[in-house]
Chemist: 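To start, I am sharing the structure in question, which I have written as structure tokens.
All chains are named by letter (A, B, ...) in the order of the sequence lines, taking the proteins before the strands, and each is independently numbered beginning at 1.
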There are 2 protein chains.
Amino acid sequence: MKSPTKPTPHEATREDEDVDFALIELLFFAYRDFTSDPDAILARYDFGRAHHRVLHFVNRRPGLTVAELLEVLRITKQSLARVLKQLIDTGYVVQVQGPRDRRQRELYVTKKGHSLALALALPQSRRINAALEEAGIEDRAALERFLKAMVDPELRAQVDRPPSGGDRTSERGKME
Amino acid sequence: MKSPTKPTPHEATREDEDVDFALIELLFFAYRDFTSDPDAILARYDFGRAHHRVLHFVNRRPGLTVAELLEVLRITKQSLARVLKQLIDTGYVVQVQGPRDRRQRELYVTKKGHSLALALALPQSRRINAALEEAGIEDRAALERFLKAMVDPELRAQVDRPPSGGDRTSERGKME
DNA sequence: AAAATTATGTCAGCCATATTGACATAATTA
DNA sequence: TAATTATGTCAATATGGCTGACATAATTTT
């Protein structure tokens with residue numbers, strides 16, 4: 001009857017039950033709105049999400065090198081270049097020659113950059129807090145464990161890297 | 001001493017404590033890897049993430065109209081156009097003239113589209129399940145509540161819309 | 001010391017995905 | 001009949017990715 005080449009609508013099948021569409025969609029919607037918060041702010045600075053991500057990680061990991069930033073963002077050098085240059089040219093980020101290895105450029109936010117990073121993070125933080133309360137989350141640690149477990153195992157080191165001590169000179173570098 | 005115009009590195013301040021950087025970053029990393037799963041598959045079809053999102057929602061909300069799809073994806077008609085056209089031309093999605101309003105085009109996946117949607121969702125679902133187990137999540141409902149609470153309140157209706165009953169003809173439409 | 005490697009920067013070009021604004025058509029509603 | 005609505009399409013533009021090639025300086029290896 002129905003030629004197999006003529007496309008026709010199709011119903012869900014039994015296998016659909018095996019797939020966790022609920023959480024897949026919830027993650028999509030949650031992240032969609034989570035990232036929408038800073039957009040309005042960024043537009044006022046003629047910045048985009050790419051600038052946001054760079055600024056965020058430089059703020060959180062002061063002294064980060066270019067190579068490390070590329071690994072965290074999972075983008076290429078060329079993709080980073082323009083965005084980073086703009087942030088430097090407009091005084092949000094500075095580069096410092098690496099003390100151990102002078103080829104490296106350690107990245108730091110300026111006061112201006114720190115302020116903007118904070119301003120961008122604030123609405124996101126508020127959204128998170130509101131959601132935690134609204135959902136009546138008691139076990140916040142469980143939520144953190146879940147999100148961390150969503151990360152590729154070999155990349156989880158990136159998650160644990162936030163500026164704990166303050167002195168990062170001993171953390172990185174293959175001084176053998 | 002230090003001219004205020006010359007950018008210099010800057011330290012974290014007290015306000016940083018008020019911001020939930022931990023969860024902000026966890027969301028970033030979790031979502032980064034969550035979306036990376038389907039990419040390898042999509043590349044084999046010469047599709048991108050835009051195709052994935054369209055296919056996902058058409059699969060999950062059969063009979064969705066173009067306007068509804070635009071609202072869910074939060075993109076413009078023109079952004080959708082090319083991607084949707086490609087999916088239709090290659091037989092993954094079909095349009096059916098709306099029965100109530102013949103201006104509308106109801107969107108449906110074909111069998112081919114359904115298969116691909118499922119194939120794309122599978123690794124994501126597996127990642128979620130692995131993370132739930134690994135994190136020892138007992139209260140899955142709490143996680144769902146949290147994610148849903150992250151969504152803008154006025155947009156939460158979109159979250160609840162998945163095809164529950166199977167018969168969707170009575171769910172939507174403004175028949176009073 | 002010379003050679004190889006590494007970290008960074010830059011150039012040129014390409015692609016995917018998003019945007020806005022304008023306009024056309026058909027169908028519905030007023 | 002007139003206005004509105006749902007969709008489609010055209011043109012132009014922006015952003016943020018990509019690859020490949022090449023240059024420079026600094027470090028490491030030989």
Chemist: Nearest whole Å is fine: how far is D:dT15 C1' from A:Leu80 CG?
Modeler: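 Answer to the nearest Å: 15 Å.
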
Chemist: Round to the nearest Å and state the distance from B:Arg74 atom CZ to C:dT20 atom P.
Modeler: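 Distance, rounded to whole Å: 12 Å.
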
Chemist: If you pin A:Asp46 and A:Asp101 to their nearest nucleotides in DNA chain D, which one's is more 5'?
Modeler: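 This one resolves to A:Asp46.
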
Chemist: Find the distance A:Leu69:CG to C:dA7:P and express it as a whole number of Å.
Modeler: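 Rounded to whole Å, this separation is 15 Å.
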
Chemist: Using whole Å, what does the distance between atom P of nucleotide D:dA6 and atom CG of B:Leu84 come to?
Modeler: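 These atoms are roughly 17 Å apart.
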
Chemist: Do A:Phe146 and B:Phe34 make the cut of ring centroids closer than 6.0 angstrom?
Modeler: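 Centroid separation for A:Phe146 and B:Phe34: 6.0 Å or greater.
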
Chemist: Might you point out which heavy atoms bring B:Gly113 and B:Val109 nearest each other, and give the distance in Å?
Modeler: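 Answer, listing the atom of B:Gly113 first, then B:Val109: C-CB, 4.0 Å.
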
Chemist: Could you tell me how far apart B:Arg100 (CZ) and C:dA27 (P) are, to the nearest whole angstrom?
Modeler: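 So the CZ-P distance, B:Arg100 to C:dA27, works out to 17 Å.
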
Chemist: 5'-most contact on DNA chain D: A:His51 or B:Val66, nearest heavy atom basis?
Modeler: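 Looking at the nearest nucleotide for each, B:Val66 comes out on the 5' side.
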
Chemist: Figure out the CD/C1' separation between A:Gln104 and D:dT24, and round it to whole Å.
Modeler: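 After rounding, the gap between these two atoms is 16 Å.
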
Chemist: Parallel, tilted or perpendicular: which one describes the rings of B:Tyr31 and A:Tyr31, with boundaries at 30° and 60°?
Modeler: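 Parallel: the ring planes of B:Tyr31 and A:Tyr31 meet at under 30°.
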
Chemist: Is the base of C:dG21 touched by the side chain of B:Gln78 through a donor-acceptor pair closer than 3.5 angstrom?
Modeler: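 In this structure, the two groups form a donor-acceptor pair.
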
Chemist: Ignoring the backbone of A:Ala81, work out which of C:dT8, C:dT10, D:dT7 is nearest its side chain.
Modeler: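 Among C:dT8, C:dT10, D:dT7, the one nearest the side chain of A:Ala81 is C:dT10.
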
Chemist: Out of C:dT20, C:dA18, D:dG8, which nucleotide sits closest to the side chain of B:Thr76?
Modeler: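 In terms of side-chain proximity for B:Thr76, the closest of C:dT20, C:dA18, D:dG8 is C:dT20.
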
Chemist: Work out which heavy atom in B:Leu155 is nearest to a heavy atom in B:Arg74; give both atom names and the distance.
Modeler: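 So the minimum-distance heavy-atom pair works out to CD1-NH1, 4.1 Å.
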
Chemist: Write down the distance between CZ (A:Arg102) and C1' (C:dT6), rounded to a whole number of angstrom.
Modeler: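 Interatomic distance, CZ of A:Arg102 to C1' of C:dT6: 15 Å.
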
Chemist: Give the rounded distance in Å between these two atoms: CZ of B:Arg53 and P of C:dA18.
Modeler: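 Going from CZ in B:Arg53 over to P in C:dA18 covers 5 Å.
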
Chemist: Of all the choices, C:dT19, C:dT8, C:dT28, which nucleotide is nearest to the side chain of B:Ile75 once you look at every atom?
Modeler: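 For the B:Ile75 side chain, the nearest candidate turns out to be C:dT19.
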
Chemist: Please pick, from C:dT5, D:dA6, C:dT17, the nucleotide with the shortest atom-to-atom distance to any side-chain atom of A:Arg103.
Modeler: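 Of the candidates, C:dT5 comes closest.
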
Chemist: Can you list every salt bridge (charged side-chain N to carboxylate O under 4.0 Å, His left out) pair that touches residues 41-51 of chain B, not counting sequence neighbours?
Modeler: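 Counting only pairs at least two positions apart or across chains, the salt bridge (charged side-chain N to carboxylate O under 4.0 Å, His left out) contacts touching residues 41-51 of chain B are B:Asp39-B:Arg49.
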
Chemist: Looking only at side-chain N and O atoms, does B:Arg49 come under 4.0 Å of OP1 or OP2 in C:dA16?
Modeler: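 For C:dA16, OP1/OP2 do not have a side-chain N/O of B:Arg49 under 4.0 Å.
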
Chemist: Toward the 5' end of DNA chain C, which comes first, B:Lys77 or B:Arg82, by nearest nucleotide?
Modeler: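 Going by which nucleotide is closer to the 5' end, it is B:Arg82.
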
Chemist: Using a cut-off of strictly less than 4.0 Å, decide whether B:Gln95 has a side-chain nitrogen or oxygen near OP1 or OP2 of D:dG8.
Modeler: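 Answer is yes, contact under 4.0 Å.
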
